Amino acid sequence: MPTAPADPALVGTVVAWFDEHARDLPWRAPDRTPWGVLVSEVMLQQTPVVRVEPAWRAWMSAWPTPADLAAAPTADVLRAWDRLGYPRRALRLQECARAIVARHGGEVPDDEDALLALPGIGSYTAAAVRAFAFGRRSVVLDTNVRRVLARTVGGSALPAPSLTAAEVRTASALVPATDDGAARWAAASMELGALVCTARAPRCESCPVASSCAWLAAGRPGDEHHARRRTQAWAGTDRQVRGRIMALLREALGPVPQHAVDQVWPDAAQRARCVDSLVADGLVARHDPPSPDAEPTYSLPR
DNA sequence: AACGCGGGGGG
DNA sequence: CCCCCAGCGTT
């Protein structure tokens, strides 16, 4: 992102806006736990809030602590994940719970390096858990914050396709010095990006920092990276086929015979490749047939 | 640095 | 129909 001096009032204005407009989300409630925050962050890694909220409530009711999730049958975990997408995240979340039990006595750590060492926890989630679960200062830089800073400070429609060192410097310089101030800025800047400074149709008329936004001042120019953006294909991809197989096994009451799996997708080679990859990922268990002339069955792993 | 990985809602 | 979305792990 092109660097420009940030408006010194930016942080205070966005935080004041957040105090007024923050959504009432269960993982922000006063009785939230660090574990609840961590679960919400993993679910929200690639899934919108509206779909996460009911799944989060059911999940926290079933497994209120890391020890509870660590002890659960993996099949139950994958069913509770339901259609949140990227089910490998559910697997990693259970591995994460087991690591928290094994390494940290069942308590979510507040140390950045300890968080980063947990399965499924990367730089964003480690920073978010520190800020939202423990109120500690950290640089929370997700796609929403990147977009807010690209516009208000950088004057661009959208951030670069991948995170740059310049963006990290700009974001770091903006984070308030205190734990509480930094945590509030993190939540506020993400919320502004989610509710107002959205990717497609930003609501600049309702934006608290419109008067100091470099992008708005420049007349909302188009995205200079647009030509290089490529969207992920979906129809006919392995991801779609894997999704269908997982949906079939989630809904099944018992082991599913091969011929039933064969119904979910017409291309046999692609189907076989996807089943194999799901088995390799630990998302599907293959059971050998009782006799050599019978067919194998499949289920969610125990 | 690039790629694979789900699924659904909104414009 | 197209595009985006509170990223991570592997290569």
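Source: prediction; values computed, not measured. Chain A is the first sequence line, chain B the second, and so forth, proteins listed ahead of strands; every chain is numbered from 1.
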* **Nearest listed nucleotide, side chain of A/Arg250, among B/dG7, C/dG7, C/dC8** => B/dG7
* Structure fact -> Among the nucleotides C/dA6, C/dG7, C/dC5, whichever has the atom closest to the side chain of A/Arg147 is C/dC5
* **Any donor-acceptor N/O pair under 3.5 Å between B/dG8 base and A/Thr47 side chain** =>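 No, no donor-acceptor pair under 3.5 Å.
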Remember a base hit wins even if backbone is also touched, and classify [X] as base, sugar-phosphate or nothing at under 4.0 Å, heavy atoms.
X: A/Thr198; answer: nothing
X: A/Ser162; answer: nothing
X: A/Arg273; answer: nothing
X: A/Leu25; answer: base
X: A/Trp81; answer: nothing
X: A/Ser40; answer: nothing
X: A/Arg200; answer: base
X: A/Ala128; answer: nothing

Can you tabulate the close N/O pairs, meaning under 3.5 Å, that link protein atoms to atoms of nucleotides 9-11 of chain C?
residue: C/dG9; atom: OP1; partner: A/Gly120; partner atom: N; Å: 2.6
residue: C/dG9; atom: OP1; partner: A/Ile121; partner atom: N; Å: 3.4

Rounded to whole angstroms, how far apart are [atom1] on [X] and [atom2] on [N]?
X: A/Gln45; N: B/dG6; atom1: CD; atom2: C1'; answer: 14 Å
X: A/Arg239; N: C/dG7; atom1: CZ; atom2: C1'; answer: 13 Å
X: A/Arg242; N: B/dG6; atom1: CZ; atom2: P; answer: 4 Å
X: A/Asp281; N: B/dC5; atom1: CG; atom2: P; answer: 8 Å
X: A/Tyr86; N: C/dG7; atom1: OH; atom2: P; answer: 10 Å
X: A/Leu44; N: C/dC4; atom1: CG; atom2: P; answer: 20 Å
X: A/Asn144; N: C/dC4; atom1: CG; atom2: P; answer: 14 Å
X: A/Asp238; N: B/dC3; atom1: CG; atom2: C1'; answer: 13 Å

* Report yes if at least one side-chain N or O of A/Arg83 is closer than 4.0 Å to OP1 or OP2 of B/dG8; otherwise report no. =>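 True: A/Arg83 side-chain N/O within range (under 4.0 Å) of B/dG8 OP1/OP2.
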* Asked: Below 4.0 angstrom from OP1 or OP2 of C/dC8, is there any side-chain N or O of A/Thr125?
  ->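 So the side chain of A/Thr125 is within the cut-off, an N or O lying under 4.0 Å from OP1 or OP2 of C/dC8.
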* Asked: Distance between the P atoms of C/dA6 and B/dG4, in whole angstroms?
  ->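 The answer is 23 Å between these two P atoms.
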Could you tell me whether a side-chain N or O of [X] sits under 3.5 Å from a main-chain N or O of [Y], the two making a donor and an acceptor?
X: A/Arg89; Y: A/Val42; result: yes
X: A/Thr47; Y: A/Leu84; result: yes
X: A/Gln94; Y: A/Ala90; result: no
X: A/Arg244; Y: A/Val264; result: yes
X: A/Trp81; Y: A/Gly85; result: yes

* Is it true that atom CD of A/Glu205 has more than 12 heavy atoms of other residues, nucleotides or ligands lying nearer than 6.0 Å? ->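 Above 12, so yes.
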* Asked: Does A/Arg23 pair with A/Glu53 as a salt bridge, N-O distance under 4.0 Å?
  -> no
* Which comes earlier along DNA chain C counting from the 5' end, the contact point of A/Ala126 or that of A/Arg51, where each point is its nearest nucleotide? -> A/Arg51
* Asked: Are side-chain N/O atoms of A/Arg32 and A/Ser40 paired as donor and acceptor at under 3.5 Å?
  ->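 There is no such pair (donor and acceptor under 3.5 Å, judged by atom type) between the side chains of A/Arg32 and A/Ser40.
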* Which residues satisfy the side-chain contact (heavy atoms from CB on, under 4.5 Å) test with A/Ala126, sequence neighbours excluded? ->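 A/Ala126 satisfies side-chain contact (heavy atoms from CB on, under 4.5 Å) with A/Glu112, A/Leu115, A/Leu116, A/Ile121 once adjacent residues are dropped.
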* Using purine N1 to pyrimidine N3 plus N6-O4 or O6-N4 for Watson-Crick, or N1-O2 and O6-N3 for G-U wobble, both under 3.5 Å, which nucleotide pairs with B/dG6? -> none
* **Pairwise 5' ranking along DNA chain B for A/Met246 and A/Arg203, keeping only the more 5' one** =>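 Of the two residues, A/Met246 wins.
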